[in-house]
Protein chains: 2
Amino acid sequence: MPTPHYGQPRYRSIADELRKRIQNGSIPPGSLLPAESTLTAEFQASRGTVRQSIAVLREAGLVATEHGRGTYACLRPANGGSEESSKTETRQRQVTADAALAALFSVREGAALIEEESVVRRDGVTESVARTYRLLRKEECIGNRDR
Amino acid sequence: MPTPHYGQPRYRSIADELRKRIQNGSIPPGSLLPAESTLTAEFQASRGTVRQSIAVLREAGLVATEHGRGTYACLRPANGGSEESSKTETRQRQVTADAALAALFSVREGAALIEEESVVRRDGVTESVARTYRLLRKEECIGNRDR
DNA sequence: AGAAATTTGTCCGTATGTATC
DNA sequence: AGATACATACGGACAAATTTC
């Protein structure tokens, strides 16, 4: 069977359909979207195509995905009356890259990184801890090895 | 050979190589990149993988593609403060508090936290990695689980 | 103007490795 | 540890835009 498409890519049509369902409440905010396999069956599309459509919604900020769980419809921040009694403490230190960070920065494990840690407290209660990592020196990248 | 993608995925390596060629002038600005079929032969990779690597460069604003024509290396200003074309990827996952985080949040070690990781890339190169931790208990984030 | 070749766009099916619950 | 979902990679197929002959 040939592939009747074009005019509009399949993954975009599916993304449009899912967006409608989210916006009209058919998929309530905060709830799980149907599983990938379910969407595959419903739209008669391959997993790759379904995943592509979900990626569209994710970039649009409409959904968020958790490994091993599924994809949620986001609740948009209503952001009610938040007090302004929060304080931020920041400090810096030098650390060495663990495996995960080394992969992200494309450097070897143990390379020097700058870690900046910001602790946000509100009413004395820690609300969030942010750790930002940057390369200490540029051009610390690993050369490409032969394939 | 099957498909081991230890360390850096293949499409990123290819993207790195192509980026080098663009930035060192081997592929002059405004000129066409080799066709996908050519790159497929050169890198001994499937077309899908080659296209994925080109997509990386396209999102970085290094190249532009036209249907039926090909992919061009963009002429872009050698401007000093190129603050554009940086992109942030965000993902969330659930982690357990280590000793340091447990102390900051005044919870017991091993307590559940939400980690939000934002990776900022400019021209495909990782510039910073920020990890923000919050307590799971509130309705801060989307994934309120019933279990 | 028309046909063929080239090139990118989309889609399918599959396989396997990786991460999380 | 098993299930689920995600990430990477392969190969093949057809559609559509462009170029070339």
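Residue numbers begin at 1 in each chain, while the letters A, B, ... track the order of the sequences.
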Could you check how far [atom1] of [X] sits from [atom2] of [N], rounded to whole Å?
| X | N | atom1 | atom2 | result |
| --- | --- | --- | --- | --- |
| Glu66(B) | dT19(D) | CD | C1' | 13 Å |
| Gln94(B) | dA5(D) | CD | P | 17 Å |
| His67(B) | dT7(C) | NE2 | P | 13 Å |
| Ile14(B) | dC10(D) | CD1 | C1' | 13 Å |
| Arg10(B) | dG11(D) | CZ | P | 10 Å |
| Glu36(B) | dT6(C) | CD | C1' | 11 Å |
| Ile114(B) | dT20(C) | CD1 | P | 12 Å |
| Gln44(B) | dT8(D) | CD | P | 21 Å |

Using OP1 and OP2 only, check whether a side-chain N or O of [X] sits under 4.0 Å from [N].
| X | N | answer |
| --- | --- | --- |
| Thr49(B) | dC10(D) | yes |
| Arg69(B) | dT7(C) | no |
| Arg51(B) | dT8(C) | no |
| Tyr11(B) | dA9(D) | no |

* In terms of the nearest nucleotide of DNA chain C, which residue is placed more toward the 5' end: Val95(B) or Val50(A)? -> Val50(A)
* Thr71(B) side-chain N/O to Leu33(B) backbone N/O, donor-acceptor pair under 3.5 Å -> no
* Asked: Checking all strands, does Gly48(B) fall into the base, sugar-phosphate, or nothing category for heavy-atom contacts under 4.0 angstrom?
  ->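 Gly48(B): no heavy atom of the nucleic acid under 4.0 Å.
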* Side chain of Ser37(B) only, please: which of dT20(C), dG9(C), dT7(C) is the nearest? =>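 For the Ser37(B) side chain, the nearest candidate turns out to be dT7(C).
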* To do: Test for a donor-acceptor pair under 3.5 Å between the base of dG12(D) and the side chain of Arg47(B), counting only N and O atoms.
  =>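 Side chain to base: no pair present.
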* Taking only residues two or more places apart in sequence or in another chain, which ones pass side-chain contact (heavy atoms from CB on, under 4.5 Å) with Glu109(B)? -> Ala99(B), Ala102(B)
* Is there a path from Leu135(A) to Tyr133(A) through hydrophobic residues (I, L, V, M, F, W, Y) whose side chains come within less than 4.5 Å of each other? -> yes
* Do Leu39(B) and Ile27(B) sit in the same hydrophobic cluster, where Ile, Leu, Val, Met, Phe, Trp and Tyr count as joined when their side-chain heavy atoms come under 4.5 Å apart? ->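 Cluster IDs for Leu39(B) and Ile27(B) match.
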